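The structure presented is a predicted model; accordingly, all values stated were derived computationally and were not measured.
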Amino acid sequence: MVRQFLMNLLLCFIWVALTGEMLFANFFFGFILGFFILFVMNRNESDQRYFTRIPKMILFALQFLVDLLHANVQVAYDVITPKYFFKPGIVRYEMEAKTDLEINLLATMISLTPGTLVLDISNDNKVVYIHVMYMRDREKFIANVRNKIEKKLLEILR
């Protein structure tokens with residue numbers, strides 16, 4: 001998988017060098033073009049993990065950015081209005097993440113979202129305690145973290 005990623009970057013840099021424009025859009029287009037070239041060249045290979053993980057990473061990043069924007073608007077609206085809409089709460093969330101990397105990335109993704117903050121991780125690394133600024137429905141919040149963040153993050157990492 002690392003070899004395929006490095007080949008993709010090499011093809012991307014070749015594209016940028018051939019076009020002569022060091023723009024993000026050109027770099028991104030070169031990366032996508034290199035991805036499709038590698039996909040066509042390696043379609044008979046048995047190891048296709050690289051070609052399934054990259055689209056998942058891109059979709060996860062886009063979905064996280066949308067959630068981040070939504071949470072920022074919610075917090076900003078609450079700050080600029082005279083009435084406060086927050087209803088704080090602490091949630092005990094049982095994780096499926098096992099390794100230190102998975103737990104660290106999950107805690108970071110949760111804490112990056114405005115209105116949430118990871119308070120503590122249990123000693124056995126199975127439970128994380130999250131402070132939520134807008135606790136309307138505890139079960140909905142847990143399902144949201146499990147399905148939108150943890151499940152997709154673990155699909156990428158495993």
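Ring to ring, Phe141 and Tyr93 are not that close: their centroids are 6.0 angstrom or more apart.
The shortest non-hydrogen separation linking Ala71 to Pro114 is CB-O, 3.6 Å. Heavy atoms only, all atoms of each residue included: Phe35 and Asn8 are closest at N-OD1, 3.2 Å. Of all the heavy atoms in Thr52 and Lys56, the pair that sits closest is O-CG, 3.3 Å. Closest non-hydrogen pair, Val16 versus Asn26, comes out as CA-ND2, 4.1 Å. A pairwise comparison of heavy atoms in Val75 and Gly115 identifies CG2-N, 4.3 Å as the closest pair. Between Phe86 and Met133, the shortest heavy-atom distance links the atoms CB-O, 3.3 Å.
In the hydrophobic clustering of this structure, Val128 groups with Leu101; members are Ile, Leu, Val, Met, Phe, Trp, Tyr whose side-chain heavy atoms approach within less than 4.5 Å, directly or through other members. Hydrophobic clustering, with ILVMFWY side chains joined whenever heavy atoms are under 4.5 angstrom apart, groups Leu112 together with Met95. In the hydrophobic clustering of ILVMFWY residues, with side-chain heavy atoms under 4.5 Å counting as a link, Phe5 and Phe39 come out together. Transitive grouping of hydrophobic side chains (ILVMFWY, heavy atoms separated by less than 4.5 Å) brings Ile142 and Ile103 into a common cluster. Placement of Met57 and Met7 within a single hydrophobic cluster is found when ILVMFWY residues are connected by side-chain heavy-atom separations under 4.5 Å, directly or transitively.
More than 12 heavy atoms of other residues, nucleotides or ligands shown are found within 6.0 angstrom of CZ on Phe85. Within 6.0 Å of the CE atom in Met41, the count of heavy atoms belonging to other residues, nucleotides or ligands does not exceed 12. Summarising the local packing, CG of Asn123 is surrounded by 12 or fewer heavy atoms from other residues, nucleotides or ligands at distances under 6.0 Å.
Side-chain contact between His131 and Pro88: present, with at least one pair of heavy atoms (C-beta onward) separated by less than 4.5 Å. Using a 4.5 Å heavy-atom cutoff, the side chains of Ile121 and Tyr129 are not in contact. Side-chain contact between Ile130 and Leu119: absent, with no pair of heavy atoms (C-beta onward) separated by less than 4.5 Å. No side-chain heavy atom of Leu6 sits less than 4.5 Å from a side-chain heavy atom of Leu10. Within the 4.5 Å cutoff, side-chain heavy atoms of Trp15 are placed close to those of Thr19. Counting heavy atoms from C-beta on, the side chains of Phe51 and Leu38 come closer than 4.5 Å.
Using modelled atom types and a 3.5 Å distance limit, the side chains of Tyr50 and Asn42 yield no donor-acceptor pair. Residues Asp67 and Gln63 bring a donor and an acceptor atom of their side chains to less than 3.5 Å of each other.
The one candidate from Arg146, Lys126, Lys151 that meets the salt bridge (Lys or Arg N to Asp or Glu O under 4.0 Å) condition with Glu96 is Arg146. With respect to Leu106, the side-chain contact (heavy atoms from CB on, under 4.5 Å) criterion is satisfied by exactly one of Ile110, Thr108, Asn104: Ile110.
Ring pair Phe27/Phe13 is tilted by interplanar angle, where 30° to 60° counts as tilted.
Interatomic distance, Leu105 CG to Leu154 CG, rounded to the nearest 0.5 Å: 9.5 Å. A distance of 9.5 Å separates OG1 in Thr99 from CG in Asn125, rounded to the nearest 0.5 Å. Rounded to the nearest 0.5 angstrom, Thr113 OG1 and Leu69 CG are separated by 11.5 Å. Once rounded to the nearest 0.5 Å, the distance linking CD of Gln74 with NE2 of His70 reads 5.5 Å. With rounding to the nearest 0.5 Å, the separation of CG in Leu9 from CD1 in Ile14 is 11.0 Å. To the nearest 0.5 Å, atom CZ of residue Phe60 and atom NZ of residue Lys148 are 11.0 Å apart.
In this structure, Arg53 does not pair ionically with Glu155, as no charged nitrogen and carboxylate oxygen lie closer than 4.0 Å. Using a 4.0 Å cut-off between a side-chain N of Lys or Arg and a carboxylate O of Asp or Glu, Glu102 and Arg158 qualify as a salt bridge.
Side-chain N or O atoms of Glu150 include one that pairs as donor or acceptor with a backbone N or O of Ala97 at under 3.5 Å. Of the possible polar contacts, none joining the Ser111 side chain to the Leu117 backbone as a donor-acceptor pair under 3.5 Å is found.
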